[in-house]
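In what follows, a single structure is set out as structure tokens and then discussed.
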Amino acid sequence: VEAEGRLQAAELRAAERREMLRRVVDAQEHERRRIARELHDETGQALTSVLLGLRLIEQLSPEVAAAVSDLRETITSAIQELRALAVELRPKALDDFGLGAAIERLADTYSRRTGIAIDVHVTGVTERLPEDVETALYRIVQESLTNVAKHAGAASASVTVHRGPHSVAAVVEDDGTGFDPATITPGLGLASMLERAELVSGTVRVESRPDGGTTIAAEVPL
């Protein structure tokens with residue numbers, strides 16, 4: 001009876017931890033969505049209005065046009081960076097079109113930013129998945145690609161998303177330097193992926209070896 005009581009208490013603590021973590025993640029995603037919307041809709045539009053105004057000023061004289069040209073380039077660059085930041089915070093494609101479209105946009109952004117060739121293969125995802133599942137898998141893929149860009153030294157990578165009868169899986173593979181998983185202490189990135197998967201009753205598996213690339217596979221039941 002005492003052992004059963006301890007087991008029930010442990011299960012209750014685990015359930016409370018998952019619920020607290022779920023609330024924190026939900027709050028983070030809500031705030032990310034709000035900030036991304038404000039960056040895109042308000043700040044982005046304001047900078048675009050300034051850019052249009054500068055184009056009108058350029059027409060006044062050649063001297064003015066030369067002075068304004070550098071300002072236009074600076075503002076154009078700021079708008080591009082702002083849009084990229086908004087997408088990284090919370091991609092509109094994830095809310096509007098779902099997991100497949102969002103990951104394709106994410107891979108394209110990372111490829112252009114890092115020079116790493118990234119192939120995306122999405123199969124079986126013909127309908128929208130539950131929002132928490134889409135968000136969890138998107139964030140896991142996002143963190144995996146961040147690790148590829150920062151640590152892998154890879155020339156190419158691939159992202160595969162496949163929905164089966166009872167689950168959906170996302171796999172990120174790279175041809176980088178790899179590592180020995182037994183000698184690596186899980187960092188914040190891996191811990192975040194594991195927590196994301198746990199919230200939707202999923203799993204994350206990491207396979208790697210020195211000079212053999214790395215594979216990160218996440219699977220979530222449906």
Side-chain angles (χ1 to χ4, degrees), residues 21 24-25 28-29 32 36 84-95 97-125 129-164 167-222:
L21 182 60
V24 169
V25 169
Q28 288 176 340
E29 291 298 331
R32 282 172 175 262
L85 179 59
V87 169
E88 190 166 339
L89 281 169
R90 178 74 188 188
K92 199 168 184 297
L94 183 60
D95 295 321
F97 304 112
L99 182 64
I103 286 181
E104 288 174 352
R105 181 79 57 86
L106 175 69
D108 179 67
T109 299
Y110 268 72
S111 184
R112 286 187 285 106
R113 184 183 301 173
T114 64
I116 300 172
I118 303 176
D119 292 326
V120 178
H121 306 279
V122 180
T123 58
V125 187
L129 300 169
E131 182 179 351
D132 56 346
V133 172
E134 289 187 336
T135 298
L137 289 175
Y138 179 85
R139 294 301 182 196
I140 290 170
V141 171
Q142 184 181 41
E143 185 64 40
S144 299
L145 291 179
T146 297
N147 288 340
V148 171
K150 287 184 176 180
H151 309 299
S156 64
S158 67
V159 181
T160 302
V161 179
H162 174 71
R163 177 175 181 171
S167 66
V168 57
V171 180
V172 180
E173 298 178 281
D174 68 69
D175 61 358
T177 56
F179 59 90
D180 182 358
T183 63
I184 299 296
T185 301
L188 291 177
L190 180 56
S192 174
M193 286 188 271
L194 293 171
E195 288 178 346
R196 290 277 186 179
E198 180 185 353
L199 286 177
V200 287
S201 302
T203 58
V204 174
R205 187 180 75 256
V206 179
E207 297 178 356
S208 185
R209 66 180 188 275
D211 299 320
T214 299
T215 299
I216 296 179
E219 185 172 9
V220 178
L222 296 174

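Since we're looking at a predicted model, the values are computed, not measured.
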Side-chain touch [X]/[Y], heavy atoms, less than 4.5 angstrom:
X: V141; Y: Y110; value: no
X: R163; Y: L129; value: yes
X: S192; Y: R139; value: no
X: L145; Y: I118; value: yes
X: E143; Y: V204; value: no

Partner of S144 by side-chain contact (heavy atoms from CB on, under 4.5 Å), out of T214, V172, V206, L190: V172
Member of T123, V122, V125 meeting the side-chain contact (heavy atoms from CB on, under 4.5 Å) criterion with H162: T123
Flag, side chain of D175 to backbone of A155, donor-acceptor distance under 3.5 Å: yes
Donor-acceptor pair, side chain of T177 and main chain of A152, under 3.5 angstrom: yes
Side chain to side chain donor-acceptor pair (under 3.5 Å) contacts touching residues 129-138 (sequence neighbours left out): R33-E131, R90-T135, R128-E134
I need the minimum non-hydrogen distance between [X] and [Y], along with the two atoms involved.
X: M193; Y: N147; answer: CE-ND2, 3.8 Å
X: A154; Y: I116; answer: O-CG1, 3.6 Å
X: G178; Y: S208; answer: CA-OG, 3.3 Å
X: A117; Y: S111; answer: CA-OG, 4.1 Å
X: P221; Y: G202; answer: CD-CA, 4.0 Å

Nearest-0.5 Å distance that lies between atom CG in L194 and atom OG1 in T203: 9.5 Å
From E219 atom CD to L137 atom CG, the distance as rounded to the nearest 0.5 Å: 10.0 Å
Partner set under salt bridge (Lys or Arg N to Asp or Glu O under 4.0 Å) for R209, not counting sequence neighbours: none
Between H121 and T160, a side-chain donor and acceptor under 3.5 Å: no
Sequence neighbours excluded, every pair satisfying salt bridge (Lys or Arg N to Asp or Glu O under 4.0 Å) that has a member inside residues 97-110: D108-R112
